[in-house]
Structure formats: C-alpha cells, structure tokens
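Sequence positions, counted from 1, serve as the residue numbers for this chain. The structure presented is a predicted model; accordingly, all values stated were derived computationally and were not measured. All heavy atoms count here, side chains included; hydrogens, waters and symmetry mates do not.
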Amino acid sequence: LLIDWINATLKEEHIVVKSLEEDLYDGLVLHHLLEKLGSLKLDVDKIALTEKKQRQKLSVILEALAKCLQLEESQLRWSVESILTKDLLSTLHLLVAIAKHFTPNLAMPPNVQVETITIQHTSRGLKTANAVEYITESKENLEAQSKDDAFDELFSHASDKLDAVKKVFLQFVNEHIGKLGLNVQDIESQFADGVILLLLIGQLEGYFLNLRNFFLTPASTTEMV
C-alpha cells in the first residue's frame, strides 16, 4: 500500500519505488514526497552521493517533518541513523506518519503489527527480548477516535445546538470577508461553489488571490470544482 501510494504521488516526477529499505534511505524519495505533499521547500541538494551528505540531508528532512507534524523528539519512532541504515521498522513508522498527516483518506489497514526481537550483548552472553510493535493503529482506537469527533456528536446527538454553532461560524466568516464587502447568510448554499472559501482563506492567510486562477462567478459544476 505504501509503495503504491508513493509511486502514485510521485508519478509526475518519474520516480518509481520498488523497495522501502533500498529506495528511501538516502533521502531522495523523501525529499520529493514532502515537496509534493506538503509543499515544503527544503534547502538540500536533490541527490546526495556520499554517506556524509545523505546524513546531512536526512537530518534537514526529518527536522522539517517533525515541525510539520508537530512532534517532539521523544515522540519520533525513527531517526536519521535508523533510516540511513535501512531499518524497515523505522521506515514504516515514518511513512505511516507522513501518510496519516498528508493523505488521511488513505485506506490504511488497522492492527498491522510486527514481533521485534532485541538482542543485547552482556557479560553473561546474549540477552534477547521479544515485543510486539504496532505499525498502524488498532481498529478499536480508530473507532473510538471516530466516535469522539465533536462534529459527529453535534450532528447525531445535539442537533438543537447546531444552529448556535452555525451562528458562531457565520460571525467568524463575515468578520473576515466583510473586509471585501461580502456577506454570508447561509453556509450550505454560499460555500457550495468554493468562491467564499477561497476568499476566506486568502483573508486568513493574508495573501492576494489572483482572480484569473479561479471563477469568481462559476456558472457550472466544472467551474465550481
């Protein structure tokens, strides 16, 4: 699934991944993947030929990714060294985290787990420890997260509060797009063509939207899409 996802994402880049261990350790594919999915501009060379440059490149990529995913160092289940040494478990954790963040609708199978064996050298010889590590979340956790969604709860069990929530959103929207001389009275109908949404994003992010890039008064479904 992950290989197919990467290849579909990077099809236009003419990049084909065949092995997660052999094709991701040098940072080239990860670099292209993050640029494509997250529009992250990374100040590193596209191709790093030496191990030193590969390590430097991975360090920049993984640091940028951690900031993007808002993860603390203690939460990371991968490292520069583990990716560089082609550790499959770390590579899987890394790719699943990227996929969950940038492609949340990817049909990731739940309960994927592997048994790990840790071997430690001691004065008495080799000491081994077995453990089970989850690559994807358990089905129960996913269902619990789904049930805990505040908006699902609102629509299902608190429909009487829905109008109050919509009123708050209308005030928020009009506070910002009112600067453009616009006014929204109905969220469902006035957001359907995408125009108000685009203008709202422009106001919130503080950038100018080139009106030639979209239809200001779309007349068909195609123009709306």
Side-chain angles (χ1 to χ4, degrees), residues 1-121 126-143 145:
L1 176 71
L2 290 170
I3 288 174
D4 288 344
W5 165 67
I6 293 171
N7 289 337
T9 304
L10 300 180
K11 186 177 180 180
E12 293 179 3
E13 311 289 331
H14 304 293
I15 291 175
V16 177
V17 168
K18 294 183 179 180
S19 165
L20 295 182
E21 299 99 307
E22 297 298 329
D23 294 341
L24 273 84
Y25 77 94
D26 62 358
L28 175 65
V29 173
L30 290 172
H31 188 175
H32 280 275
L33 198 59
L34 292 180
E35 281 196 337
K36 184 77 173 178
L37 292 170
S39 301
L40 297 179
K41 298 300 177 186
L42 304 172
D43 188 21
V44 289
D45 295 331
K46 286 288 185 185
I47 299 176
L49 297 176
T50 65
E51 185 177 323
K52 181 181 179 181
K53 288 188 175 181
Q54 288 168 357
R55 183 176 274 104
Q56 290 173 341
K57 179 172 183 170
L58 279 173
S59 180
V60 172
I61 290 172
L62 297 184
E63 186 178 342
L65 180 64
K67 287 181 181 178
C68 186
L69 302 183
Q70 297 182 326
L71 294 175
E72 300 292 333
E73 191 171 344
S74 59
Q75 296 174 289
L76 301 179
R77 302 176 78 177
W78 57 84
S79 66
V80 171
E81 204 59 40
S82 65
I83 300 299
L84 192 61
T85 53
K86 306 178 184 180
D87 182 275
L88 179 58
L89 193 58
S90 294
T91 304
L92 287 172
H93 281 310
L94 174 63
L95 290 174
V96 168
I98 294 172
K100 279 177 62 181
H101 183 79
F102 292 109
T103 319
N105 60 339
L106 189 66
M108 201 88 69
N111 295 317
V112 178
Q113 60 187 34
V114 293
E115 184 177 355
T116 61
I117 304 172
T118 305
I119 303 174
Q120 183 181 4
H121 290 276
L126 295 178
K127 180 182 177 182
T128 63
N130 291 37
V132 172
E133 190 159 345
Y134 278 90
I135 305 297
T136 62
E137 292 181 274
S138 67
K139 193 173 182 180
E140 291 73 20
N141 285 349
L142 293 173
E143 289 175 350
Q145 286 176 10

Minimum-distance pair of heavy atoms, taken over all atoms of Leu76 and Ala66: CD2-CB, 4.2 Å

Lys/Arg-Asp/Glu bridge criterion (N-O < 4.0 Å) met for Arg55, Glu51: yes

Check: Leu20 and Leu88 side chains under 4.5 Å, non-hydrogen atoms: yes

Close side-chain approach of Leu30 to Ile98, heavy-atom, < 4.5 Å: yes

Glu115, CD: over 12 other non-hydrogen atoms inside 6.0 angstrom: yes

Contact check, side chains of Met108 and Glu137, non-hydrogen atoms, under 4.5 Å: no

Donor-acceptor pair, side chain of Ser82 and main chain of Trp78, under 3.5 angstrom: no

Chi angles and distances behind the side chain to side chain contact (heavy atoms under 4.5 Å, CB included) call for His101, Cys68: CA-CA 9 Å; His101 183 79; Cys68 186; 3.9 Å; yes

Residue pair Leu65 / Leu34, side-chain heavy-atom distance below 4.5 Å: yes

Val132/Thr116 under side chain to side chain contact (heavy atoms under 4.5 Å, CB included): CA gap, chis, key distance, verdict: CA-CA 6 Å; Val132 172; Thr116 61; over 6 Å; no

Whether Asp26 side chain and Gln54 backbone form a donor-acceptor pair below 3.5 Å: no

Under 3.5 Å side-chain donor-acceptor pair for Trp5 and Thr103: yes

Sub-4.5 Å side-chain heavy-atom contact between Ile135 and Leu89: yes

Note, Lys36 side chain near Leu10 side chain (heavy atom, < 4.5 Å): yes

Neighbour count >12 (heavy atoms, 6.0 Å) for atom CD, Gln75: yes

Contact summary for Val17 and Ile3, nearest pair of heavy atoms: O-CG2, 3.3 Å

From CG (Asn130) to CD1 (Ile117), nearest 0.5 Å: 5.0 Å

Pair Leu94-Leu24, side chain to side chain contact (heavy atoms under 4.5 Å, CB included): steps then yes or no: CA-CA 11 Å; Leu94 174 63; Leu24 273 84; 5.8 Å; no

Note, Lys127 side chain near His121 side chain (heavy atom, < 4.5 Å): no

Backbone of Ser19 reached by a side-chain donor or acceptor of Asp23 within 3.5 Å: yes

Straight-line distance of Lys100 NZ to Leu69 CG, nearest 0.5 Å: 10.0 Å

Neighbour count above 12 (heavy atom, 6.0 Å) for Lys86 NZ: yes

Separation between NE2 of His31 and CG of Leu58, rounded to the nearest 0.5 Å: 11.5 Å

Closest non-hydrogen atom pair, Ala107 against Leu1: O-CD2, 3.5 Å

Trace of the side chain to side chain contact (heavy atoms under 4.5 Å, CB included) decision for Asn111 with Tyr134: CA-CA 7 Å; Asn111 295 317; Tyr134 278 90; 4.1 Å; yes

Gap between atom NZ of Lys57 and atom CG of Leu84 - 0.5 Å precision: 12.5 Å

CD1-OG distance between Ile83 and Ser59, expressed to the nearest 0.5 angstrom: 12.5 Å

Contact check, side chains of Thr118 and Thr128, non-hydrogen atoms, under 4.5 Å: no

Check: Glu21 main-chain N/O paired with Thr91 side-chain donor or acceptor under 3.5 Å: no

From Lys11 atom NZ to Asn7 atom CG, the distance as rounded to the nearest 0.5 Å: 10.5 Å

